[in-house]
Amino acid sequence: MAKQGLELEITELRLGLPGDNCHSSRDKNEIKKRVFSEISVDDDQNSSSSSGGDRRKNQNNNNNNNKTQVVGWPPVCSYRKKNNAAEAETTKLYVKVSMDGAPFLRKIDLKTHKGYSDLAVGFEELFRSYGIGGMWKDSESSEYIPIYEDKDGDWMLVGDVPWEMFTESCKRLRIMKRSDAKGFGILQSKPYSNGEKQNDLKI
Amino acid sequence: MREEKTEMSEDEDRTVDLGGATSGGGGGVFHETSSNKTMSCPLPCPDQVLENVLENVLLFLTSRRDRNSVSLVCKSWYRTEAQTRSELFIGNCYAVSPARAIERFQKVRSLVLKGKPRFADFSLVPINWGAHFSPWVTAMSSANPLLEKVYLKRMSVTDEDLDLLANSFPGFKELVIVCCDGFSTSGLAAVASKCRQLRVLDLIDDDVMDDELDWISCFPETGTCLESLIFDCVDWPVSFEALERLVATSPSLRRLKLNRHVSLGQLHRLMVRAPQLTHLGTGSFSLLEQPAQEGQDANLSQVFAKCKSLISLSGFSEIVPDYLPTIHPVCAKLTSLNLSYASINAEQLKSVICHCHRLQTFWVLDSVCDEGLQAVAATCKELLELRVFPMDAREDGEGFVSEVGLLAISQGCRKLRSILYFCQQMTNAAVVAMSKNCPDLVVFRLCIMGRHRPDHVTKEPMDEGFGAIVMNCKKLTRLAISGLLTDMAFNYIGKYGKLVRTLSVAFAGNTDMALRYVLEGCPKLQKLEIRDSPFGDSALLSGLHHYYNMRFLWMSSCKLSLQGCKEVARRMPHLVVEVIRDVEGASEDAVEKLYMYRSLEGFRRDKPEFVTIL
């Protein structure tokens, strides 16, 4: 499943690309940054103009005749576009998103997001008053990291696997405080016990 | 009626807002400032009798433009007007601070607040830009417990705001929230449970989050005085028992718009409970839960027949077109029909539209094609407003309507006042014909979805068509242009568009002259939004004489530089010049997004990082 490439350290939650057998001496920051910058490059290829505010990207048109789609054109308001899309494909994929420190639970429809950076925008929108901006761009200094629970009940770092695989396996999301993460050994090469983690994460 | 206000074009609003500036000059703004200074030193009123008389007369004056004029007469009139103004309209929430507004108008019963620029609807304004309701509701809650009505458009509203509102105004009656976000079903629950005098709760095109709270069941079980409940945009399921009970115990209910989680069968039951409805938005108009029972269609039709007061229909999500004919019994009385979420074809439309002789407002998807529009033109002689939305909202998508439909409408619907038309191709001839056939046009918005697309027959720019519109439609106040356009089109607008207040421009014009024509030629211009057009600093600077008379100017992806914008800021101290930088790695000197507006407050303290105020 999502585990291919992790080999022996199959239950270990690390920050890094799948299959990347990084040594503890190697600079973990470097690896992390590469993951996120790769994500944003991918998405840039899909949209002609990146915009922080673009919550609902135009549906990518494969028969584009080489004309790139432009943000906000034609000027159909996002509410209406959402409805038309909903009519077109009524399958939705709602997962719960919780954030440490926020008193409420939200739901997010993974089907309306095209990739990780789009998801990041979605998170910012949901929890804007709690200031998680920058969580993705500069993951080193951000207070929060996003994790998700997969089909097997394991908690994984968001961004490790290809997007489609992620949407298929993600059951719920959590935006966790970095300080809590350290305590749970995510940044260290420890075997990861699910039972323990469930209690500690206090879901 | 609030609902009509939001369904009709935004241009129904009057232009002058709290700034007080009229087209005659920037005097209003400065007057406001100086008068406020005077207000802080209490003066004995010399003629109490006159003031009392004035007060009683002013109670009848509702137009805010007239009220602004009254307030300019003298200090005594200013004071009296301020004390008798009951509706406060703030067209730009950053033009004035809550404190200042409340200090002047202390007995306001109704507050209208508009926030983000309209291009926010098309994802051009980054999230977290601002327009927070919080400072307003906070200030109002302590200063003015008599507040009864709040209307918000494009504001950021939180659950805490709604909770505060629900707790602070015991007589609160009407809440209308349009194109807003930031709140969830929790906020709605607070309003539902605590606002015991609530008559109107209208949620229109908002992005409401789910807090897994069934807010409908938070309305008091003993009954409400609700007259209007609109929640089609709240896309989360609600308990049907609670909804049914609410409808059954709200005898004043006249307007009800459901979300798509309410099935057709449930709609049936609700309509039986509320035959007095005048405005109905159906939920899902698709397959009934049980396998189709005999005569079930007939039952639904009968139920429609029993709603003898129904004049407005909308909704029809997930429509199964076979069910559409069930609305036949009400068609003859309908004045408003919104099928813009229903993909139906020409045949399916024809079967209902042929009965709709009284229709004044019609919104539809272009799936009905030119043929469907011809049917509309043949029957709907009273039509005032038409909106045709695209099913396939892409530049290179398939077009279903064209100049043929536009021409037909112009020939059949001579009383037309407002049109919004999305298409893939158009001709000047059809637009010229419309300008002649429909001289009463107040709003003309044509969106040719392909950028820079010329007249597809003559291959010429669309200048002549839009030129004819401004020339022949002498009442025109709102215009949106598209297609291939040269500076000539703008020349026409500047020359003939003397009443134009709102202008939307995209991918148009050749040089700075175009923008100059408009800024120099249109004295009534209030709202100007431009994107992706080659206008630079010199064009921007040609409008300095006019910017204090405008509500705002938006320019994105044009040719502006930081220098030019700084120059404007330097010369116009009461203008807030915002440069929005949400694109990484853009050059320091280029200005990708400019938003500027007059304000009494200087730069706003809640501005996010990506906004620079010059």
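In what follows, every chain begins at residue 1, and chains take the letters A, B, ... in the order their sequences are listed.
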message = Tell me if the centroids of the rings in B:F389 and B:W363 come within less than 6.0 Å of each other.
response = yes
query = What do you reckon, are the aromatic ring centroids of B:F119 and B:Y595 less than 6.0 Å apart?
reply = no
Among B:E609, B:M391, B:E592, B:M449, residue most engaged with chain A (heavy-atom pairs, under 4.5 Å) = B:M449
Side chain, backbone, both or neither: which part of [X] has an atom under 4.5 Å from a heavy atom of chain A?
X      : answer
B:C233 : both
B:S156 : side chain
B:W236 : side chain
B:D206 : backbone

query = If you measure only the distance, is there a donor-acceptor pair under 3.5 Å linking the side chains of B:S402 and B:Q425?
reply = no
inquiry  = Show, in sequence, the C-alpha distance, side-chain angles and deciding distance for A:R80 and B:D205, and conclude whether the salt bridge (charged side-chain N to carboxylate O under 4.0 Å, His left out) test is met.
reply    = CA-CA 8 Å; A:R80 190 167 281 279; B:D205 290 356; over 6 Å; no
Electrostatic pair B:E578-B:K607, nearest N-O below 4.0 angstrom = no
